[in-house]
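The structure under discussion appears below in the form of structure tokens.
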Amino acid sequence: MSAHDTQHGGADDHGSHGHHVVSWQFLFGILVLLLILTGLTVYTALEVYLGDTGNLLLALFIASFKAALVVGFFMHLHWDNKFNAVALLFCLLAGVTFIGFTAIDIGSRHMVDPKRAEMMTPEVVKQARERAIAEGRLEPDNDDSANQNESPPE
Amino acid sequence: MISLLNNLCGLLASAPHVPVEGGVGLHRKGSTFVTQHDMLFWFIFWLSVFFFVLLMGLSAYFIFKYRRRPGVPAQRSASHNTPLELTWSVVPLVILLGLFFWAFHVYMDMHMAPGDAEEINVTAQKWAWSWVYDNGAEAQETRRIADQDVPVFAVPADKPVRLIMHSTDVIHSLYVPDFRVKLDVFPMRYTTMWFEASKAGEEHYLFCAEYCGSGHSQMGAVIKVLEMNDYLQWKQDNTLDDALSPVELGGILYRTRGCNACHATDDRSGEGPGWAGIYGSERRFTDGSTTTADENYLRSQILDPSGRTLEGYRNVMPSYQGMPERELNALIAFIKSLSAKGREELDAVEEEIEAALEEAEEDENSQD
Amino acid sequence: MSSNTPQSGEGFAPAVDPSLPPWQRHKHQPHWRNNDDEYQGAKLGMWLFLTTELLLFSGMFCAYTIFRMLHSEDFERASHKYLDWEIGAINTVVLLISSFTVALAIRNAQMNQQRALKINLFITILCGLFFLFAKIFYEYIPKIQEGKVPGANFSYAGAESAYDPLFMSIYWVSTAIHGSHVVIGVGLLAWCLWVASKRRYGPTHYTSLENVGLFWHLVDLIWIFLFPLLYLVG
Amino acid sequence: MSASTHDDHHDVSYLHPKGGFFATVWDWMTTIDHKKIGVMYLFATLFAFFLGGVFALLVRMELFSPTKTIIDAVTEETVVTGQIFSPDTYNRLFTLHGAIMVFLFIIPAIPAAMGNFFLPLMLGAKDVAFPRLNLMSWYIYVTGAAFSLISILLGGVDTGWTFYTPYSIQGDEEHWRVVFMTTGVFILGFSSILTGMNFIVTVHKLRAPGMGWFDMPLFIWAIYATSIIQVLATPVLGVTVLLLTVERLFKVGIFDPALGGDPVLYQHFFWFYSHPAVYIMILPGMGIMSELIGVHARKKIFGYRAVAFSSLGIAAISFIVWGHHMFTAQGELASAIFSFLTFLVAIPSAIKVFNWVATLYKGSIALNTPMCYALGFLFTFSIGGLTGIFLGSLPTDLHLHDTYFIVAHFHYVMMGGTAIAFMGGLHHWWPKMFGKMYSERWALVGFALVFIGFNVTFFSQFLMGADGMPRRYATYVDEFMPFHRASTIGSWILALGFFVHLFVFVHSLIAGRKAPPNPWGGLTLEWTTDSPPIEHNFHHEPLVQHGPYDFDDVVPPHCDPADYPLPEPIESDSLKPGRTMH
């Protein structure tokens, strides 16, 4: 997908601007590639099992590759002046710093004293179930699958 | 002019009444952390003073020496000097990073509790602390600071104490300035902190340092450091044993469960209504409905207060869901004891009990 | 940005030759030196705005990452239990196609193919509307009826873990913010279609069309990440 | 207003009224002239400053005595030492003081008011890159301020300006007040983003011919660095406040622990914006400092590139240190990392202060009001910066967190830094903005009162903070009474100082004498045009031939060489750069 097959097209392209015009064949090629990648990510997510984080990383990798395609060619960044790309880079840097440091903190609470990471479970679902029983949407003491307004969990 | 100065000084320094002798501050050396912490604190202090005096002295000298004199131009001088600029970037960096490692070392000591610590469960709720010791003891003595009765917690001297803390509603923060310790207390999550009080017989303030609403400034406590055996004796005395009558137990719970943070035992109203005379009286709510304050009303208001709010008050009372039955009855008995109608009923109940006891004795006599 | 009516008190009003097609009459604003400077400035401004939009969504991705880290198996199960990936996949394809057609529209403007420009813009708007239609009628409304609403008023009785409402909260808030951006995008594209029908886009002037196109690509970009994270790996 | 020059009708001052009263008002409301928008921002932010100041005085009044001061608002009975306000009202006062000062004054003040006015002038441009977007930012600011005002009129918010959850999402009856305030903050965020974006494009695309990146004045570098932070940090505030509003309306539960959320996550969200925000506040102040010290000491800023790059350095490092606001809430690993990085962020600020002091060497220092404020900044900002070291190191922060030591630290850096630099910049550029000189004597009196009042108010807070006086307390233990009394009396002196300044400025607008184009002998482009400047800033496009601070070689424009003598030209090359300073 390098720049060689970008066709400097357009008969009446006014020289004064010299804006780079991309051939529609090239754009169509990018679209086809994106659709294939979408299919790939759906397939790998449902059929292929690489471990909990493995799937996540694979999905993220495919999504980043698709994003790079859209940003680089659909959004014309590849041929734009460089500062736009620098702006996008700093944006990603800020986002990664934000998510990274927050994850470091919340992920490492247990290190010195495990008691500090012990969370109590919220009873939102318990209250919801009691409310459901109170409103008669749910028979009191049997399992939830017999509930009339909810399709059996697949 | 002199009188003006006197009032001003008088105004400034009128002798503050000090409920905890020794006051509070850097001069108080409450825990074993103090030596390490203060060494670091004063090192940073003198480092800052040195740089500050250097900078201000230099600029004051320049301002005086190079003040603008008409007709005299500024002399030429180099507009940048790389070696100088490098030194005054690298030298502070090295000093500060050295400071970081020293500070980190002290910090890790403060955050790693030794194994044999005495464990106390601390619960923070909107505007009161309650410490429950390992044998179920709770503080009963209170002290009046900053216009509020706050509990006095006992702590053993020269023994590590580990506080296992959680909050029931919002974020609070347990802060003892004299021990140089502070840690946030979170709802739905445990946090732990440790310290070792160094000198028996001293008393220290405990403040809430994370903003938690209108009672935040009165959510204090006093820590009393006792010798080990006094401490064990104190714990023994303060267990809520079963011999206590409901009204007495209710009185203790009134203080330890934080009711005193908002409710007064006379009819003066604070954040919440005063309890004197409310049992049996007519209670009007914000939505205009009224009801008589009987036992079920008191029970429902304690367990689920957000349902109905009394007219003229805000809906800020936390719910005491999960309070054991014995303590609930004791609290209700205590409230009843504060109003005439309540006292009659309590006396009536006592007479029945005595009557029943007498009958029981007669049956025994008649049997044998 | 597109039409340049000289402001009052203008020092010098550039002569505008009426015989030229509308897109060639565009003259840069007085404080710019030439059309190209204005075009590059506008594009840089748009890219900076896109970085702020990306950072707005980075907040949602951070919440997702943290709660996924804390309760990963609950999230994994909740994603398969509550969300059906078919609708997500269809919406992804629809958005990718709309990205393609809006890129084509910009190319048409550069090549002065006015009819193709209007058709491509129309297709993009259709795809956007289809995305919204599918999201609201096939995802949001059924979920509301079954009580799979986020947070406190979560009343779906078939929930297994205590953190299902939390997953629903993340799903609802992220897709709602993204959905609102799709609505804004469709509105802007409709405005571009109106401007294009006035033949005011051409090889020398298509700045606002390109900026709206960039915004639409951003909307697609966010969905490219939201779809796998929420629907597939959960 | 000022007399208009008589050549062709375009060269009239931007303040020249356009016909009758209503025509002028309509012209100001729909102007896309960066100067008018700058002046509108100036008056709006000054109004917000005084409103915030009133709340500050009320807070200090309440803290004059430990428990109650005059009237106990809850029971209405007059108590000799009654509390002015119930604790709840006190909480609303300090919250509104914080929120108004942060969101309505200190973040927009220098970038929007002075940045809008002087960025294009100093770059030699006719206007900012997107003038209409600039006007839209102004109206977004006004809308956001209106929302916050509605929240205040409804009774104000008592959650602290940080809106920490779960406290900020509980409580039913003030439901709408918090929602109005958070929506107001959300809208104000956009005004900040769009202004930042506008300035970045202006600096990149609209510099005068001959002005390279290192020929720009240092104020522009500071505004550029501030704009980068505004663009990259403010959106996260947007999403935080949006989630808070959604949390209150739909009980979503991302930040609510009772529903599985995590309040510490909220603190990360909030401080990821709010720490870079404190650099949005101080960087423009540092930019003004470079201008003031350069012009009034008639000396090229020492180490121009070091000062310029330290602005960018601060902008970069500011994004990785936010955790030092949460040392008591975080895990140990995160606290260690953030503490280490916090020590890095101190270096660029220190470099700037060293460079300013070095600039004074062999200068020709005139002690007029702007220079007094600049030197006052050196004093207060140094204290603010150095006390930051106490808060960067972990154990001392555990002791000092959420005490009055922190209150004193950030007031020394924000008020002692940005507000004093703002006043210095205002006095420096007042003649250029309004074409009127102000009375030097009374302005110096104002400075003296502000400087003394400020130091009395906040230095006493350092002392009581180190002793353990917690923050946001309506009633406190008696040991802290003397410090609080000194601080309250200091706040009266401070308020008096600002009122003196208000009268000086109003007097100057009404009866000030006409200002020359270059009263201080500055070399940057804004001094080449008239004061107040004409509609299109420059009669003909300026060409940059010398650096912004070449005081040794260039006679300032519009100035009599006799007033500004030049040192003898360099014969020998004894002054080659790199030699040690002699």
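We name chains A, B, ... by the order of the sequence lines, and we start the count at 1 in each one.
Counting heavy-atom neighbours within 6.0 Å of F309(D) CZ, excluding the residue itself, gives a total above 12. Annotation for F61(A): atom CZ does not count as buried by contact number, only 12 or fewer foreign heavy atoms lying within 6.0 Å.
Checked against the 6.0 Å centroid criterion, the rings of F338(D) and F101(A) qualify as a close aromatic pair.
Contact annotation for residues 315-324 of chain D against chain A (heavy-atom separation below 4.5 Å, listed by residue number): F319(D), I320(D), W322(D). Contact annotation for residues 84-96 of chain A against chain D (heavy-atom separation below 4.5 Å, listed by residue number): F90(A), C91(A), A94(A).
With rounding to the nearest 0.5 Å, the separation of CG in L333(D) from CD1 in I104(A) is 6.5 Å. Here the CH2 atom belonging to W271(D) is positioned 14.5 Å from the OG1 atom belonging to T102(A), to the nearest 0.5 angstrom.
If you measure heavy-atom distances from V231(D) to chain A, you find no contacts under 4.5 Å at all. If you measure heavy-atom distances from I228(D) to chain A, you find no contacts under 4.5 Å at all. Residue P257(D) touches chain A through its backbone alone, counting heavy-atom pairs closer than 4.5 Å. For chain A, no part of I229(D) is nearby; none of its heavy atoms comes within less than 4.5 Å.
By number of non-hydrogen pairs under 4.5 angstrom with chain A, the leading residue of L265(D), D262(D), I337(D), V264(D) is D262(D).
With respect to E332(D), the side-chain contact (heavy atoms from CB on, under 4.5 Å) criterion is satisfied by exactly one of V112(A), D113(A), D105(A): V112(A).
Annotation for F98(A) and H268(D): closest pair CE1-O, 4.0 Å, computed over non-hydrogen atoms. Residues A258(D) and P122(A) approach most closely at O-CB, 3.1 Å, considering heavy atoms.
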Throw together a table of side-chain donor-acceptor distances under 3.5 angstrom for residues 63-75 of chain A, partners on residues two or more places apart or in other chains.
unit_1 : atom_1 : unit_2 : atom_2 : d
S64(A) : OG     : L60(A) : O      : 2.5
K66(A) : NZ     : T38(A) : OG1    : 3.2

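Residue pairs satisfying the ring-ring contact (aromatic ring centres under 6.0 Å, His included) criterion with at least one member in residues 35-59 of chain A, sequence neighbours excluded, are absent.
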